[in-house]
Amino acid sequence: VPGGPAHPRGCRAGWREAVAAAAGALQAGGLVAVPTDTVYGVACLAQDSAAVRSIYSLKGRNGAKPLAICLGDVERLYRYCQVDVPDELLRDLLPGPVTLVLRRSGELNKDLNPFTSLVGVRIPNHPFMRDLARACSGPLALTSANISSQGSTLTVSEFQDLWPQLSLIIDGGPIGDVQSPECRLGSTVVDLSVAGKFSIIRPGCALTPTVEILRQKYGLVLESS
């Protein structure tokens, strides 16, 4: 990454330039480090099979561990997923620090998580990520910016060992409290693929409010995963 990370903070023109640069790097098949509402992530185009393989290689990630997709808006979710819950439920949880696992549609790249009929969907409550997702034609594949099995990262310097393999690094500053272990938990991952039920795949950072919404407002039954 020539010159180190790009900083999107400041004027709107700088923000637009950072979004355009990141979108261009992704469209060219690159991997881009991005800030989210939970931890730093690495993104690529989900529909680009070579880029998806590059993310697994970058992280030393087990090929049987799925990648989530990231979108800018709830409306776009219906193209890539089969949804068995009310639209209002989606909007109560998204955008936010939650990954919703749903049945995938035929629109999604067959090489992305080919071993499962499900897909996790993220709409981070982070303006840069939402603008970037909107600037790309298809969904982004998104994973945390760290070597697999190592801790998640809250600043760009914490994943400096990955920099040489990234096309671009967007520095959004520290995410949350760097001293707090809770801030490194990542999103709460909830399986909503079975009508009327939900299960928790990863407790993450938003477990209590997420369970409260699903049980009390929508009457879904918690299954042990």
Side-chain angles (χ1 to χ4, degrees), residues 1-2 5-9 12-59 61 66-83 90-91 93-102 104-114 118-145 156 159 162-163 165-172 175 186-187:
V1 182
H7 299 263
R9 298 190 296 278
R12 285 303 299 177
W15 182 278
R16 286 196 300 269
E17 282 174 15
V19 170
L26 292 167
Q27 301 289 4
L31 306 182
V32 176
V34 289
T36 76
D37 54 352
T38 55
V39 297
Y40 271 89
V42 176
C44 74
L45 294 187
Q47 305 296 71
D48 182 335
S49 299
V52 168
R53 287 193 295 274
S54 294
I55 271 199
Y56 278 93
S57 172
L58 171 83
K59 287 180 58 93
R61 188 178 178 90
L67 296 173
I69 62 170
C70 171
L71 301 167
D73 299 283
V74 169
E75 301 84 74
R76 297 191 68 195
L77 185 150
Y78 289 90
R79 180 169 179 186
Y80 302 103
C81 302
Q82 300 172 42
V83 181
L90 299 180
R91 293 172 191 277
L93 296 176
L94 302 174
V98 182
T99 301
L100 300 184
V101 176
L102 302 160
R104 59 194 285 159
S105 80
E107 289 279 328
L108 202 56
N109 180 6
K110 303 283 187 293
D111 292 334
L112 182 82
N113 313 336
L118 307 177
V119 67
V121 183
R122 275 280 270 136
I123 302 179
N125 189 15
H126 191 286
F128 182 84
M129 277 309 299
R130 296 189 71 191
D131 281 357
L132 177 58
R134 290 172 181 138
C136 296
S137 53
L140 306 180
L142 184 64
T143 183
S144 53
V156 295
F159 58 89
L162 301 184
W163 288 13
Q165 297 169 74
L166 299 169
S167 299
L168 187 67
I169 298 155
I170 301 296
D171 186 353
I175 299 172
S187 64

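A quick note: this is a predicted structure, and the numbers were derived from the prediction, not measured. Sequence positions, counted from 1, serve as the residue numbers for this chain.
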Legend entry - Phe159 versus Ala145, closest heavy-atom pair with distance: CB-O, 3.4 Å

Legend entry - Val52 and Cys44, any side-chain heavy atoms less than 4.5 Å apart: yes

Inset, instruction - Using only heavy-atom distances, determine whether the side chains of Ser144 and Lys59 contain a donor-acceptor pair under 3.5 Å. - result: yes

Inset, instruction - Please name the pair of heavy atoms, one in Leu132 and one in Ala23, separated by the smallest distance, quoted to 0.1 Å. - result: CD1-N, 3.5 Å

Legend entry - Heavy-atom side-chain contact between Leu166 and Leu58 under 4.5 Å: yes

Inset, instruction - Using a 4.5 Å cut-off on heavy atoms from C-beta on, say whether the side chain of Thr143 contacts that of Tyr56. - result: no

Legend entry - Basic-acidic side-chain contact under 4.0 Å: Asp37, Arg130: no

Legend entry - Distance, nearest 0.5 Å, that separates CG of Leu31 from CG of Leu45: 10.0 Å

Legend entry - Distance (rounded to the nearest 0.5 Å) between Arg122 CZ and Leu67 CG: 13.5 Å

Legend entry - Approximate separation, where rounding is to 0.5 Å, of Thr36 OG1 and Ile123 CD1: 13.5 Å

Inset, instruction - Measure the OH-CD1 distance between Tyr40 and Ile175 for me, rounded to the nearest 0.5 Å. - result: 4.5 Å

Legend entry - Considering all heavy atoms, the nearest Pro124-Pro95 contact: O-CB, 3.8 Å

Legend entry - Leu112 CG to Lys110 NZ distance, which is reported to the nearest 0.5 Å: 11.0 Å

Inset, instruction - Check the side chains of Ser187 and Thr38 for a donor-acceptor pair under 3.5 angstrom, ignoring hydrogens and angles. - result: no

Inset, instruction - Before giving the answer on side chain to side chain contact (heavy atoms under 4.5 Å, CB included), spell out for Val121 and Tyr80 the whole-Å C-alpha distance, their side-chain angles and the decisive distance to 0.1 Å. - result: CA-CA 9 Å; Val121 183; Tyr80 302 103; over 6 Å; no

Legend entry - Where Pro35 and Met129 come nearest, the two heavy atoms and their spacing: O-CG, 2.9 Å

Inset, instruction - Report the relative orientation of the aromatic rings in Phe128 and Trp15; use parallel for angles under 30°, tilted for 30 to 60°, perpendicular for over 60°. - result: perpendicular

Inset, instruction - Please round to the nearest 0.5 Å and tell me the distance separating atom CG of Leu93 and atom CG of Asn125. - result: 12.0 Å

Legend entry - Test item: Leu140 and Val34 side chains (from C-beta on) under 4.5 Å apart, heavy atoms: no

Legend entry - Arg134 versus Arg76, closest heavy-atom pair with distance: CA-NH1, 4.2 Å

